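Accompanying notes for the structure given below.
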Amino acid sequence: MDSCVIPLRHGGLSLVQTTDFFYPLVEDPYMMGRIACANVLSDLYAMGITECDNMLMLLGISQNMTEEEREKITPMMIRGFRDAAEEGGTAVTGGQTVVNPWIIVGGVATVVCQPNEFIMPDSAVVGDVLVLTKPLGTQVAVNAHQWLDNPERWNKIKMVVSREEVELAYQEAMFNMATLNRTAAGLMHTFNAHAATDITGFGILGHSQNLAKQQRNEVSFVIHNLPIIAKMVAISKASGRFGLLQGTSAETSGGLLICLPREQAARFCSEIKSSKYGEGHQAWIVGIVEKGNRTARIIDKPRVIEVVPRGATAAALAPDNSSASSESSL
């Protein structure tokens with residue numbers, strides 16, 4: 001499961017806890033901190049938990065950084081992590097910082113809750129609908145952005161995508177990764193969700209398969225639609241990497257994949273886009289739950305939903321403005 005659930009000795013309460021860490025994947029240290037925090041909290045949100053009692057931050061600072069780099073970058077990552085925690089209604093009360101060969105950033109999220117506050121991810125039934133709350137393609141967008149400065153790699157994809165399109169996709173991926181799944185977690189209760197997980201390192205297929213194995217009923221998941229950041233499929237094909245259409249491309253701080261009753265799914269997707277939850281929340285119906293042997297698969301020719309980056313409707317973000325615009329947009 002995404003989080004451990006440990007029954008406590010006192011009064012029917014459970015301790016729910018999760019930990020996660022990874023390596024930097026965006027250039028902006030502040031945004032990296034926010035993404036790391038969103039990624040840790042997402043494992044609680046995948047269980048329908050909206051409140052977190054406490055967070056710890058885990059930070060490895062690279063021994064290859066100069067003293068000046070450490071003094072500038074470290075506080076920015078910490079501030080990003082702390083700001084995202086505050087947005088999630090919690091606080092960072094401690095943690096551990098070490099010197100390491102490379103940068104690591106992550107943390108621990110802990111909550112004590114009653115049984116009605118979490119949804120065990122094991123109750124999908126035949127006829128349920130699968131909903132995804134963030135587009136796929138973050139790994140492709142981040143890598144393509146790095147390839148802008150690598151002529152050998154860029155030459156493989158420049159026929160299918162422009163530099164501006166890569167920049168916009170990178171910004172979209174960064175905003176999505178830094179967006180908390182808290183709203184979706186709350187709506188899981190409103191719309192009677194039966195199970196959920198978040199889409200991260202194993203891609204949508206890997207996490208779907210893992211969720212399917214947890215089900216009490218004899219069901220299988222079939223995915224028909226793949227919402228993907230625009231142009232990322234073309235890059236995936238041209239580069240010969242990632243396996244985006246096969247569902248194996250890794251995501252970071254991805255959306256929730258939720259099993260919802262058929263009659264509730266469209267309402268969930270409509271509700272999450274409401275302005276009362278702020279900007280940036282999205283959702284798509286991506287598949288169905290059918291009778292089966294607890295497996296998951298993507299159909300041979302899934303429908304790709306090209307998700308146009310929000311910045312594409314305005315002027316492209318200038319590279320030297322990315323930090324400022326990232327912070328102000330969140």
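From a predicted model like this one, the values you see are computed outputs, not experimental measurements.
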From CG (Asn176) to CD1 (Ile229), nearest 0.5 Å: 5.5 Å

Do Leu245 and Val233 come close enough that some side-chain heavy atom pair is under 4.5 Å? yes

For a quick test of reading the model, state the closest non-hydrogen atom pair linking Asp128 to Cys259 and the distance between them. OD2-CB, 4.0 Å

What do the steps show when you test Val286 against Val131 for side-chain contact (heavy atoms from CB on, under 4.5 Å), and what is the final call? CA-CA 6 Å; Val286 297; Val131 166; over 6 Å; no

Min side-chain heavy-atom separation Glu263-Phe191 under 4.5 Å: no

Only one of Asp2, Val16, Thr90 clears side chain to side chain contact (heavy atoms under 4.5 Å, CB included) with Leu44; which? Val16

Are any of the side-chain heavy atoms of Asn217 and Val126 separated by less than 4.5 Å? no

Kindly determine whether Glu251 and Thr138 satisfy side-chain hydrogen bond (donor to acceptor under 3.5 Å, both in side chains), including the steps that lead there. CA-CA 6 Å; Glu251 304 291 333; Thr138 54; 2.7 Å; yes

One should read off an interatomic distance between Glu69 CD and Ile61 CD1, to the nearest 0.5 angstrom, of 11.0 Å

If the condition is salt bridge (Lys or Arg N to Asp or Glu O under 4.0 Å), which residues does Arg182 pass it with, not counting sequence neighbours? Glu51

Which atom of Gln139 lies closest to which atom of Ser249, heavy atoms considered: OE1-OG, 3.2 Å

Between Glu68 and Lys72, is the closest basic N to carboxylate O distance under 4.0 Å? yes

If only side-chain N and O atoms count, and only distance matters, is there a donor-acceptor pair under 3.5 Å linking Asn181 with Ser42? yes

Sidechain-backbone polar pair: Arg294 side chain, Gln215 backbone, donor-acceptor under 3.5 Å: yes

Ignoring hydrogens and geometry beyond distance, is a side-chain donor-acceptor pair present between Thr295 and Ser220 at under 3.5 Å? yes

By the ring-ring contact (aromatic ring centres under 6.0 Å, His included) test, which pairs, at least two apart or in different chains, include something from residues 198-249? Trp147-Phe242, Phe202-His207

Apply side-chain contact (heavy atoms from CB on, under 4.5 Å) to the pair Leu260 and Asn192, showing each step before the final yes or no. CA-CA 7 Å; Leu260 287 162; Asn192 194 28; over 6 Å; no

To the nearest 0.5 angstrom, please state how far the CG atom of Asn39 sits from the CG atom of Asp20. 4.5 Å

Are the side chains of Leu148 and Glu167 in contact, using a 4.5 Å heavy-atom criterion? yes

Is the side chain of Ser236 donor-acceptor paired with the backbone N or O of Arg241 at a distance under 3.5 Å, no angle test? yes

Min side-chain heavy-atom separation Gln282-Pro135 under 4.5 Å: yes

Answer yes or no: is there a side-chain heavy-atom contact under 4.5 Å between Phe118 and Ser14? yes

Does the distance from a Lys or Arg side-chain N to an Asp or Glu carboxylate O, for Arg34 and Glu87, drop under 4.0 Å? yes

Is a donor from one side chain sitting under 3.5 angstrom from an acceptor on the other, for Asn54 and Thr93? yes

Side chain proximity check, His281 to Lys273, heavy atoms < 4.5 angstrom: no

So, Thr110 versus Gln17: side-chain donor-acceptor pair below 3.5 Å or not? yes

Looking at Thr133 and Leu256, would you say the former's side chain and the latter's main chain have a donor-acceptor pair under 3.5 Å? yes

Test salt bridge (Lys or Arg N to Asp or Glu O under 4.0 Å) applied to Asp122 - qualifying residues, sequence neighbours left out: Arg216

Applying a strict under-4.5 Å side-chain criterion to I, L, V, M, F, W and Y, I'd like to know whether Leu205 and Val289 cluster together. yes

For the atom pair SG (Cys37) and CE (Met57), what is the distance rounded to the nearest 0.5 Å? 8.5 Å

Glu279, CD: over 12 other non-hydrogen atoms inside 6.0 angstrom: no

So Leu58 and Thr19, side-chain contact (heavy atoms from CB on, under 4.5 Å) or not? Walk me through it. CA-CA 9 Å; Leu58 305 173; Thr19 185; 4.0 Å; yes

Nearest heavy-atom contact between Thr200 and Gly254 is CG2-N, 4.2 Å

With a cut-off of 3.5 Å and sequence neighbours excluded, list every side-chain donor-acceptor pair involving residues 96-109.
residue : atom : partner : partner atom : Å
Asn100  : ND2  : Trp102  : O            : 2.8

Which pair of non-hydrogen atoms, one from Ser208 and one from Ile204, has the smallest distance, and what is that distance? OG-O, 2.6 Å

Could you state the interatomic distance from OH (Tyr23) to OG (Ser62), rounded to the nearest 0.5 Å? 12.5 Å

Under a 4.5 Å side-chain heavy-atom rule over Ile, Leu, Val, Met, Phe, Trp and Tyr, are Ile78 and Leu41 clustered together? yes

Answer whether the closest heavy-atom distance between the side chains of Asn150 and Gln146 falls below 4.5 Å. no

For the residue pair Asn210 / Lys213, report whether a side-chain donor-acceptor contact shorter than 3.5 Å exists. no

Verify side-chain contact (heavy atoms from CB on, under 4.5 Å) between Ile119 and Met47, making sure each step is shown before the conclusion. CA-CA 5 Å; Ile119 298 170; Met47 310 227 11; 6.0 Å; no

For atom CZ of Phe21, is the number of surrounding heavy atoms from other residues, nucleotides or ligands below 6.0 Å larger than 12? no

Given salt bridge (charged side-chain N to carboxylate O under 4.0 Å, His left out), test Glu172 with Lys134 step by step and report yes or no. CA-CA 11 Å; Glu172 178 72 11; Lys134 288 183 185 178; over 6 Å; no

Do Leu180 and Met77 belong to the same hydrophobic cluster, where Ile, Leu, Val, Met, Phe, Trp and Tyr are linked whenever their side-chain heavy atoms lie under 4.5 Å apart, directly or via other members? yes

Exam field: side chain Glu117 to backbone Gln114, donor-acceptor pair closer than 3.5 Å: yes

Salt bridge (Lys or Arg N to Asp or Glu O under 4.0 Å) with Glu218: which residues, sequence neighbours excluded? Lys291

For the backbone of Phe268 and the side chain of Glu271, can you confirm whether one donor and one acceptor N or O come within less than 3.5 Å of each other? no

In terms of hydrophobic clusters joined by side-chain contacts under 4.5 Å, are Tyr170 and Met177 together? yes

Which atom names give the shortest non-hydrogen contact between Tyr277 and Leu187, and what distance separates them? OH-CD2, 3.6 Å

Is a side-chain donor-acceptor pair under 3.5 Å present for Thr18 with Asp43? yes

Determine, using the 4.5 Å side-chain heavy-atom cutoff (strictly less than), whether Leu56 and Leu15 are members of one ILVMFWY cluster. no

Between atom CD1 of Ile157 and atom CE of Met232, what is the distance when rounded to the nearest 0.5 Å? 8.0 Å

Taking Gln171 for the side chain and Leu168 for the main chain, is one N or O donor matched with an acceptor at less than 3.5 Å? no

Those residues at least two apart in sequence (or on a different chain) that pass salt bridge (Lys or Arg N to Asp or Glu O under 4.0 Å) with Glu71 are none

Residues Ala196 and Leu211: closest non-hydrogen pair is O-CD1, 3.6 Å

